[in-house]
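In what follows, every chain begins at residue 1, and chains take the letters A, B, ... in the order their sequences are listed. On a predicted model such as this, the values are computed, not experimentally measured, just so you know. All heavy atoms count here, side chains included; hydrogens, waters and symmetry mates do not.
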Amino acid sequence: MTDTIKVPTMAEMFAAGEKPEVLFWVGCAGSFDDRAKRITKAFVKILNKAKISFAVLGTEESCTGDPAKRAGNEFLFQMQAVTNIEVLNAYEIQKIVTACPHCFNTIKNEYPGLGGSYEVVHHTQFLKELLKEGRIAMEGGTFKGKRITFHDPCYLGRANGVYEAPRELIRKLDAELVEMKSCKQRGLCCGAGGAQMFKEPEKGNKDVNIERTEQALETTPDIIAAGCPFCNTMMTDGVKHKEREADIKVMDIAELIAAAEDL
Amino acid sequence: MQYLPNILFVVVLLIGTGYFAKNVGKLRRNILLGKDTDVSDDRPTRWRNMLRIAFGQSKMVVRPVAGLLHVIVYVGFVIINIEVLEIVIDGIFGTHRVFSGLGPVYDFLIASFEILAFLVIISVVAFWVRRNIIKLQRFLKPEMKGWPKKDGNLILYIELVLMFLFLTMNAADFRLQQLGAEHYLQAGSFPVSQYISNWFIGMDIPSLIFLERTAWWLHIVGILFFLNYLYFSKHLHILLAFPNTFYGKLGPKGKFNNLEAVTREVKLMMNPNVDPFAAPDDAGDVPSKFGASDVMDLSWVQLLNAYTCTECGRCTSECPANQTGKKLSPRKIMMDTRDRLEEVGKILDANKGEFKEDGKQLLDDYITREELWACTSCNACVEACPVSIDPLSIIMDMRQYLVMEQSAAPSDLNNMMGNIENNGAPWPFNQMDRLNWSKES
């Protein structure tokens with residue numbers, strides 16, 4: 001594993017008179033959450049290896065406002081949105097890639113109405129494109145024969161119809177892709193969306209992430225793959241709750257690829 | 001006296017359709033209590049959605065068993081309306097089987113009606129068994145007690161009776177044709193009712209005519225009764241599914257509207273060059289409140305959604321909150337919205353069209369906060385609905401009311417929002433530390 005990663009910021013690039021091909025929107029989870037930071041780094045390692053010209057906003061990035069909007073605080077959401085759009089427009093950003101489906105959905109669908117129109121792609125879509133263009137090459141092996149099940153993030157799948165990109169990448173790993181009983185359009189939420197991540201769940205028989213983890217375990221997977229930092233946390237907690245963390249890993253698609261490439 | 005049946009028929013028909021028209025007017029008025037919303041965009045896609053989803057039943061077959069049964073009943077009802085047209089013409093002019101001049105085409109039509117009627121009977125029995133004997137989970141939720149349960153069964157009974165009357169009518173007619181009774185010309189083909197007619201062998205012509213006329217009258221009166229029952233029932237979906245799929249949400253499911261009134265305020269706040277006191281006085285455009293606490297705060301499309309809901313519960317059975325035993329049920333959100341809207345409609349009726357506060361509202365009196373806060377906004381309910389109903393939009397509008405009007409979010413969410421406001425992240429981390437990850441090993 002190499003530890004040095006290159007993470008240029010927009011400010012640096014701008015000062016040097018350069019323009020990156022794509023802005024990597026890291027998101028709050030990807031910046032601050034210890035588990036999600038590993039996803040962020042895995043993705044950057046892939047970008048570095050593929051020599052993609054990218055930059056992050058760094059300290060100029062702020063929450064997209066997604067949890068505020070879903071909690072009902074439209075004021076706070078729009079304050080965040082307008083602030084972010086000002087920064088993005090000032091740097092004349094055209095293409096944005098993010099590893100967080102919530103940031104992806106908000107910037108892609110809700111920012112245009114407030115003056116921020118960009119080409120927004122999820123990192124799994126971006127990686128799929130790189131693979132197609134031959135800018136990254138994936139060599140299977142590490143995951144050969146492993147059973148991987150993919151948990152569809154609601155804000156990537158149902159909300160935006162992206163089902164195939166992550167699956168295609170998993171197949172490229174030479175792994176066996178196994179589907180849960182609720183998948184794709186009928187995928188079950190991890191329990192974190194709609195600002196649920198930040199509060200205690202309402203009373204019920206069980207927590208949503210436990211239900212979803214049980215569905216995942218039914219496929220007897222070696223790895224539960226996710227494409228969202230919040231899903232990742234929820235599924236990791238679920239696996240721990242079931243005391244299966246010794247034999248089942250929860251990994252983001254970017255981490256899978258980084259591991260396969262021994263980055 | 002000769003024209004008595006014709007006159008009687010016209011009177012019954014006028015009462016039946018007149019009362020229905022009156023209730024449609026009420027329905028329209030209630031739906032238009034909702035706020036205006038612009039749904040004039042992309043009409044080609046809207047037409048396509050209606051054809052595909054309502055007419056083509058594309059989302060019904062996601063669940064194959066219920067889907068197939070539903071398609072049979074649906075096709076049966078659509079086709080049998082041609083028969084109703086003949087009955088109406090015969091009733092007004094005293095003719096008998098007025099379309100019989102079509103010859104083989106008529107034989108084919110009658111035969112297909114009969115087969116469909118038979119399949120409808122089988123499907124209706126299967127539906128009844130699913131509701132009352134197999135007791136499918138989604139028909140047993142708390143919101144399905146009382147009237148909703150009764151309503152569901154009543155519809156099945158009516159459909160069953162109507163189909164039996166139709167076949168009895170044909171069976172008696174077939175027998176009369178065989179006997180060469182006057183007025184009963186040889187027409188039609190009866191693949192199902194010919195077997196029923198075997199039971200009538202030995203009956204004389206007057207008795208058979210009495211039987212045929214009774215079945216004919218009960219059949220058409222039954223249809224008129226059923227038409228008028230719709231307004232009081234969840235069964236309105238057979239009409240409203242069409243406009244509802246037309247006006248349903250377009251674009252990605254994850255895209256929530258940006259509140260325009262808020263946009264204006266935010267732009268004023270964020271722009272240092274604007275003198276707020278010089279801003280044009282557009283107080284008239286500012287909504288009296290943000291979000292929704294009662295049905296009048298919702299859009300008319302959301303109210304149309306509520307009347308369209310047929311309480312099938314596919315939304316609720318896909319809802320992650322409901323699956324894990326929480327109080328939220330998207331179906332209940334729609335049923336509550338309709339119940340409250342009906343209540344408001346009754347107040348309007350009682351006060352010459354004027355609304356008088358009754359001390360109640362949709363929030364708290366119908367939908368509790370616990371339900372609203374249990375939603376993960378995952379869109380499973382929206383995806384599951386076979387007729388493009390969007391329960392999530394109502395939940396979100398009501399959350400907006402709770403947060404922006406009442407500051408009544410759960411305290412954890414208030415902390416989260418405070419963090420976003422102060423640090424630009426939902427957690428209490430400093431914005432200046434955002435890039436620290438790149439230096440950590």
Output, in order, the C-alpha distance, side-chain angles, deciding distance and verdict of side chain to side chain contact (heavy atoms under 4.5 Å, CB included) for A:R186 and B:E318.
CA-CA 8 Å; A:R186 294 180 79 176; B:E318 295 286 329; 2.6 Å; yes

Check against side chain to side chain contact (heavy atoms under 4.5 Å, CB included), B:W373 and A:K199
CA-CA 10 Å; B:W373 289 118; A:K199 64 183 256 299; 4.1 Å; yes

Max heavy-atom pair count under 4.5 Å with chain B, selected residue of A:N160, A:N84, A:N105, A:T64
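Of A:N160, A:N84, A:N105, A:T64, A:N105 has the most heavy-atom pairs under 4.5 Å with chain B.
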
[X] portion near chain B, given a 4.5 angstrom heavy-atom threshold:
X      : result
A:A29  : both
A:E60  : backbone
A:Q80  : side chain
A:N73  : both
A:T106 : neither

Using 0.5 Å steps for rounding, measure from the [atom1] atom of [X] to the [atom2] atom of [Y].
X      : Y      : atom1 : atom2 : result
A:E211 : B:T324 : CD    : OG1   : 7.0 Å
A:F75  : B:E421 : CZ    : CD    : 11.5 Å
B:K59  : A:Q185 : NZ    : CD    : 9.5 Å
B:R399 : A:E74  : CZ    : CD    : 13.5 Å
B:E440 : A:R38  : CD    : CZ    : 12.5 Å
B:K326 : A:N205 : NZ    : CG    : 7.5 Å

Let me know if [X] has heavy atoms under 4.5 Å from chain A in its side chain, its backbone, both or neither.
X      : value
B:N257 : backbone
B:L402 : neither
B:M398 : neither
B:D433 : both
B:V382 : neither
B:A380 : both

Hey, is the main chain of [Y] close enough, under 3.5 Å, to the side chain of [X] for a donor-acceptor pair?
X      : Y      : answer
B:N258 : A:E110 : yes
B:R434 : A:E61  : yes
A:R158 : B:C378 : yes

Minimum heavy-atom distance [X]-[Y], with the two atoms named:
X      : Y      : value
B:A374 : A:Q196 : C-NE2, 3.3 Å
B:P426 : A:C28  : CD-SG, 3.3 Å
B:M416 : A:F198 : CG-CG, 3.5 Å

Note: vs chain A, highest number of non-hydrogen pairs under 4.5 angstrom among B:K439, B:E260, B:M396, B:M404 is B:M404

Ring-plane angle category for A:F32 and B:F429, please: parallel below 30°, perpendicular beyond 60°, tilted otherwise.
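Parallel: the ring planes of A:F32 and B:F429 meet at under 30°.
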
Looking at side-chain heavy atoms only, is the closest gap between B:W437 and A:V26 below 4.5 Å?
yes

